[in-house]
Amino acid sequence: MKAVLSTFAVAAVAAAALMVSVPASAAPDAASISEAVELINPSQLNWVKTIPSAGKDSPEYAILRSDPKTNLTMLMFRTPVPVHIKKHTHTLGETHVVLVGGSHIFESDGKRYVIENGGFMRMPGGVVHEAWLPAGSQTLNILESGWVVNWLKGEPGPEDVNEYPPVSKK
């Protein structure tokens with residue numbers, strides 16, 4: 001129960017950090033709010049395989065929301081088996097909130113970052129990075145430039161499935 005509350009708290013803080021303060025005079029009326037509320041429950045998520053040739057072992061993502069004006073995209077990402085995400089960048093910032101499944105390892109410019117369960121990480125745009133995600137993990141990802149990835153060494157393929165991070169050099 002404590003882990004669920006901690007995960008919820010981290011996700012709530014991340015979502016709140018993205019909200020913009022609106023002056024009271026610009027607040028929408030009740031009818032507008034009702035029309036603007038977006039709700040997606042787990043059974044409604046449309047999961048898409050990122051490595052279709054890996055079949056049931058493929059990581060999957062589900063778009064939660066994509067803002068048509070700013071392109072800011074929120075999505076869920078899950079991994080049935082360990083996976084390596086090859087070196088890439090994003091034009092604008094990228095945020096990860098690890099909901100379940102253990103630590104995620106990111107490397108950028110020779111530095112290793114470990115995001116634990118319930119952890120949060122944001123990288124500015126243009127940062128070259130790669131990642132290793134454990135089996136059974138699920139994250140909330142917020143991509144400020146939309147669901148666009150600038151792959152530096154090709155997109156992930158079957159060779160990236162069941163891949164673990166290299167031993168850390170200390």
Side-chain angles (χ1 to χ4, degrees), residues 3 6-19 45-67 69-170:
S6 173
T7 299
F8 176 76
V10 170
V13 168
L18 294 170
M19 294 181 184
L45 293 174
N46 179 27
W47 292 101
V48 178
K49 293 188 180 307
T50 60
I51 307 173
S53 59
K56 66 178 180 42
D57 290 340
S58 176
E60 298 177 310
Y61 70 91
I63 301 287
L64 300 172
R65 181 172 199 286
S66 186
D67 187 296
K69 292 180 184 170
T70 66
N71 290 325
L72 184 134
T73 300
M74 294 189 285
L75 59 90
M76 299 291 277
F77 196 85
R78 67 183 181 187
T79 57
V81 299
V83 66
H84 173 231
I85 308 298
K86 292 178 180 167
K87 286 186 179 184
H88 65 283
T89 67
H90 302 277
T91 305
L92 298 176
E94 172 184 25
T95 299
H96 290 262
V97 179
V98 178
L99 302 175
V100 296
S103 297
H104 291 212
I105 296 175
F106 283 73
E107 285 189 0
S108 176
D109 199 24
K111 183 159 174 54
R112 183 171 278 198
Y113 302 88
V114 179
I115 312 170
E116 299 173 1
N117 263 347
F120 164 93
M121 183 173 96
R122 182 184 179 279
M123 290 178 281
V127 173
V128 174
H129 60 284
E130 63 186 316
W132 291 266
L133 313 181
S137 73
Q138 188 165 330
T139 58
L140 169 66
N141 296 30
I142 302 166
L143 301 153
E144 296 171 20
S145 53
W147 186 218
V148 178
V149 181
N150 307 312
W151 298 107
L152 302 179
K153 296 188 176 190
E155 296 181 13
E159 69 278 8
D160 297 302
V161 172
N162 285 309
E163 284 296 310
Y164 294 87
V167 174
S168 180
K169 302 171 198 143
K170 293 189 177 190

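Please read these numbers as outputs of a predicted model, since none were measured by experiment.
- The minimum heavy-atom distance linking P165 with I105 is given by the pair CG-CD1, 3.5 Å.
- Side-chain N/O atoms of H88 and H129 include a donor and acceptor closer than 3.5 Å.
- Salt bridge present: R122 and E144 bring a charged side-chain N and a carboxylate O closer than 4.0 Å.
- Looking only at distances, no side-chain donor or acceptor of T89 sits under 3.5 Å from a matching main-chain atom of V127.
- Contact of the L143 side chain with the L72 side chain is not registered, since no non-hydrogen atoms from C-beta on lie closer than 4.5 Å.
- Counting all heavy atoms, side chain and backbone alike, S58 lies closest to P52 at OG-N, 4.1 Å.
- Heavy-atom minimum distance, T73 versus G146: OG1-CA, 3.3 Å.
- For the pair T50/P156, no side-chain contact is recorded, criterion being any heavy-atom separation below 4.5 Å from C-beta on.
- Not a single donor-acceptor pair under 3.5 Å links the side chain of D160 to the backbone N or O of I85.
- Evaluated for a salt bridge (charged side-chain N to carboxylate O under 4.0 Å, His left out) with K86, the options E159, E155, E130 yield exactly one hit, E159.
- Under the 3.5 Å distance criterion, the side-chain polar atoms of T139 are left unmatched by any main-chain donor or acceptor of N141.
- With hydrogens and angles ignored, the 3.5 Å screen pairs a side-chain donor or acceptor of S137 with a backbone N or O of P134.
- L64 places a side-chain heavy atom less than 4.5 Å from the side chain of L140.
- The heavy-atom pair separating T91 from S145 by the smallest distance is N-OG, 3.6 Å.
- Contact between L75 and Y61 at its shortest, heavy atoms only, is CD1-CB, 4.1 Å.
- The line from CH2 of W147 to NE2 of H90 is 7.0 Å long, rounded to the nearest 0.5 Å.
- Looking only at side-chain heavy atoms (C-beta outward), W132 and F106 stay at 4.5 Å or farther from each other.
- Considering only residues two or more places apart in sequence or on other chains, N71 meets the side-chain hydrogen bond (donor to acceptor under 3.5 Å, both in side chains) condition with none of them.
- At least one side-chain heavy atom of M76 sits under 4.5 Å from a side-chain heavy atom of W47.
- Residues forming a side-chain hydrogen bond (donor to acceptor under 3.5 Å, both in side chains) with K49 (at least two apart in sequence, or on another chain): E60.
- Heavy-atom minimum distance, L152 versus V128: CD1-CG1, 3.4 Å.
- With rounding to the nearest 0.5 Å, the separation of CD1 in I115 from OG in S103 is 9.0 Å.
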